[in-house]
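Every chain is numbered from 1 and lettered A, B, ... according to where its sequence line falls, protein lines coming before strand lines. Bear in mind that the values here come from a model prediction, so they are computed numbers and not experimental data.
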Amino acid sequence: MMTNNDIAAVFKQIASALELLEANRFRINGYQRVSRVLKDLTEDIAGLVDENSGSAVKRLATFDGIGKGSAEKIVELVTTGKMAEHQELLAKVPAGLFDVLGIPGIGPKAATLMWKDLGITSLADLKARLDSPELARLPRMGAKTIENIKKAIEFREKAGDRVPLGVARPIALRLRDELRNVPGVQRLEFAGSLRRGRETIGDLDFLAACDDPEAIRERFTTLPEVTQVLARGETKSSVRLETGGAVLQADLRIVPQQVYGAALMYFTGSKEHNVRLREIAIKQQRRLNEYGLFEGTEERPQDHGAAPVAASDEESIYVALGLSYVPPELREDRGELDGEPPRLIELTDIQSELHAHTVASDGKMTIDELAECAKRHGYHTLAVTDHSKSSVIAGGLSEERLLAHIDAIREADARMDGIKILAGAEVDILPDGELDYDDEILARLDVVVASPHASLGQDPKTATQRLLRAIRHPLVHIVGHPTGRIINRREGLSPDMNALFEAAVEHDTALEVNANWRRLDLRDNHLRHALEVGCRIAINTDTHRAEQMDFLIYGILTARRAGLTAASCINTWPAEELHAWLGSKR
DNA sequence: GCCGTTTTCGGCCCGACTGTTTTCAGTCG
C-alpha cells in the first residue's frame with residue numbers, strides 16, 4: 001500500500017536526480033513543489049486512485065502545484081507500483097549519490113563533478129577519497145572546501161533527524177535571552193520554522209537589531225555551545241552548536257532597526273510563503289526583499305538610496321501589499337494569502353486540562369498536587385485521567401482500583417477550592433476498537449478520553465475501523481492522540497483521517513491535539529482538515545509531571561498552524577458550557 | 001515541472017556568504 005509520503009518521496013527523488021543531471025531549474029522546482037503538496041494532503045491518494053483512476057487524475061490536478069502531467073504520473077505510480085520517468089532517472093543516476101547531495105555545502109554541481117570526474121557514487125566513496133589528490137584537483141575544490149565537507153559529514157552523522165520543537169524551543173529561548181544581554185541590542189528574536197511552530201526544527205534562526213553589530217556577532221560566534229563557525233559576515237553569521245544532547249546549526253542575521261519587520265518576515269519564512277509575497281509585489285510593479293517593500297522593479301533598491309514603502313514592522317508590509325496580516329504559524333503557502341486569516345487560539349484562551357495522570361498510574365503527582373498545578377495555570381477544570389487496565393506498563397487501573405480512584409477524586413474535589421476536579425480515565429482503544437472498560441464503568445466517569453496505545457502498526461483499514469468504533473461510542477468524549485505517532489520514532493496509525501473527522505462531527509466527539517512535543521497528535525495538517533469539516537478539538541498536555549503542563553505551548557502552536565480558533569477548542573469554554581457538554585454524553 | 005486580473009506562451013524571488021576566484025560560481029535559506 002503506497003502512502004502519500006511514499007509518493008511524495010518519489011517526486012522528491014525525481015527532483016534530486018534532475019538536479020544532478022543539470023535539468024532546467026524551474027522544472028526541478030515544479031517536481032519539488034509537487035512533493036511538498038503531496039505531503040500536505042490528508043486525502044489518501046491510493047484510495048482515491050483505487051476508486052476511479054480517471055477522476056483521481058482530475059481531482060489531483062485541482063491542487064495548486066500539481067498539473068495534469070504529475071497527476072497522471074501519480075496514478076501510474078499507484079496503479080503499477082512504478083513510474084516510468086522515475087525508473088529512467090534511477091537508471092541514469094546512482095542511488096548513493098542522493099546521500100552525497102544531502103551533505104550541507106555539497107550542491108548538484110559539486111556532486112555531479114565528483115560523480116562524473118571521479119566516479120564517486122556514494123557517501124562511502126566520498127569519505128574514502130576525502131584525502132585523495134584527485135578530489136583536490138576538481139574545480140573550486142580547495143583545502144578549505146574539503147575541510148568543510150569533512151565537518152559537514154561529521155555533523156550530518158551526529159545531528160541525524162530534524163530536532164523536535166520541544167527540544168529546540170527551550171534552547172532557542174535560552175540563547176535568545178543570553179544574546180539579548182549583549183550591550184547595544186535593541187531587538188532580538190528567533191525566526192524561522194521555530195517561530196512558525198513547526199513540529200521539528202532544522203536550525204535556529206535569530207534576528208538582531210543593535211547599535212554595535214560587532215559585539216553581538218562576537219558573542220554569537222563564541223557562545224560556549226558553539227563547535228564550529230561556518231560563516232562570520234557583515235550581516236550574517238552561522239555556527240554549529242551542541243547543547244543539551246542536541247546538535248544544531250544556528251544563524252544570526254543583523255539588520256538596522258528601521259527594517260526589522262522586513263527582515264523578520266524574510267527570516268521567518270517559509271521560503272514558499274516569501275516567494276508568494278514577492279510575486280505579489282512584482283505584479284504591483286514593486287520589489288520585496290529583507291530590506292523592505294520598494295516601488296519599482298529596480299534591483300537592490302536599498303543600495304540606491306530608495307526609501308521603502310514599508311519595512312519597520314511585518315504588518316505594515318502585508319497591509320501595503322493589500323493583504324491581511326498573516327500570523328507566522330500560517331506562513332506555509334497553503335492558501336493563507338487568499339482572504340482573511342482567522343483569529344487564532346492563544347495560550348491564554350485555555351481554561352481547562354482534560355487529560356492528566358497521577359501516581360495511580362504512571363504520573364508523578366498525587367491528585368492534590370495535580371490539582372494545585374492546574375490551579376497555578378489558572379484553569380477552572382481538571383480531569384484526572386489515569387490509564388486503563390490494558391496499559392499494564394503504565395500501571396493501568398483495574399475496575400476495582402478505578403472505582404476507588406473515582407472516590408478519591410470526588411473527595412479531593414470536595415476538599416479543594418478554586419477548581420473543579422473531574423473523574424476521568426484515559427481508556428485504551430483495543431486493537432479491534434473495543435474499549436478497555438465496559439459501559440457500566442465508563443458511565444460513572446465524568447470524562448472519557450479514549451486513546452490507542454498498542455497495535456500501532458495496523459493497516460490503515462483496520463485502524464480506521466478501530467478508531468471509528470471509539471469515535472461512535474456514546475460514552476466517549478475525546479479521542480486522545482488519535483494516530484499514536486511519536487515524532488522521529490514511530491509512524492503510528494495511518495487511518496483514513498477524513499472518515500474519522502466526519503464521524504467525529506456526526507457523533508459530537510472531540511479529537512485531541514496532544515501537546516506533548518513527542519506526539520503533537522493530531523498533527524497540524526490533520527487538524528487543518530478536521531477544522532474544515534467542523535470537528536470539536538481538545539488541546540491537552542497529557543501531563544505526567546508538573547513541568548509537563550507547560551507543554552501546552554506546543555499544542556497551541558500546532559493548533560495555530562492549522563487555523564484553530566478558540567471557539568472550536570473545548571478547553572477554552574467557560575466551566576458551565578464545558579460541564580454541560582461533558583454531561584450531554586451521560 | 002506549473003500557471004494565468006498582461007492566460008495556452010513565457011515567465012518563474014532575492015540576497016548573503018565562502019572559497020577560489022581576478023570578477024564570480026555555488027550553495028543556502
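Look at CZ on A:Arg162: it is 12 Å from C1' on B:dG29, rounded to the nearest Å. Remark: P of B:dC28 and CG of A:Leu230 are 11 Å apart, rounded to the nearest angstrom. In this structure, NZ of A:Lys144 is placed 18 Å from P of B:dT27, rounded to the nearest angstrom.
For A:Thr62, the side-chain contact (heavy atoms from CB on, under 4.5 Å) partners are A:Arg59, not counting sequence neighbours.
Look at A:Ser70 and you'll find a side-chain N or O under 4.0 angstrom from OP1 or OP2 of B:dC2. Side-chain nitrogen and oxygen atoms of A:Thr145 include at least one within less than 4.0 Å of the OP1 or OP2 phosphate oxygen of B:dT20. Of the side-chain N and O atoms in A:Lys73, one or more sit less than 4.0 angstrom from OP1 or OP2 of B:dG1.
Evaluation of the ring-ring contact (aromatic ring centres under 6.0 Å, His included) test over residues 323-347 of chain A, restricted to residues two or more places apart or in two chains, returns A:Tyr318-A:Tyr325.
Using a cut-off of 4.0 Å between Lys/Arg side-chain N and Asp/Glu carboxylate O, A:Glu329 and A:Arg560 are scored as salt-bridged. Ion pair A:Glu332/A:Arg276 not flagged as a salt bridge, since none of the NZ, NE, NH1 or NH2 atoms sits closer than 4.0 Å to an Asp/Glu carboxylate oxygen.
Here B:dT8 sits opposite no nucleotide as a Watson-Crick or G-U wobble pair (both hydrogen-bonding atom distances under 3.5 Å).
One C1' atom belongs to B:dC28, the other to B:dT22, and the distance between them is 25 Å to the nearest Å. For B:dC14 and B:dT21, the C1' atoms lie 23 Å apart once the distance is rounded to whole Å.
Taking the nucleotide of DNA chain B with the nearest heavy atom to each of A:Arg232 and A:Lys283, the more 5' of the two is matched to A:Lys283.
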### Verdict with reasoning, A:Arg187 to A:Glu189, per salt bridge (Lys or Arg N to Asp or Glu O under 4.0 Å)
CA-CA 7 Å; A:Arg187 297 190 67 175; A:Glu189 282 155 290; 3.3 Å; yes

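A:Phe294 comes within 4.0 angstrom of nothing in the nucleic acid, heavy atoms only.
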### Message
Does the protein touch nucleotides 9-16 of chain B at the base, only the backbone, or not at all? Give it as B, S and - per nucleotide, heavy atoms under 4.0 Å.
### Response
---BBBSS

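Between the side chains of A:Thr145 and A:Asn148, no donor N or O sits under 3.5 Å from an acceptor N or O.
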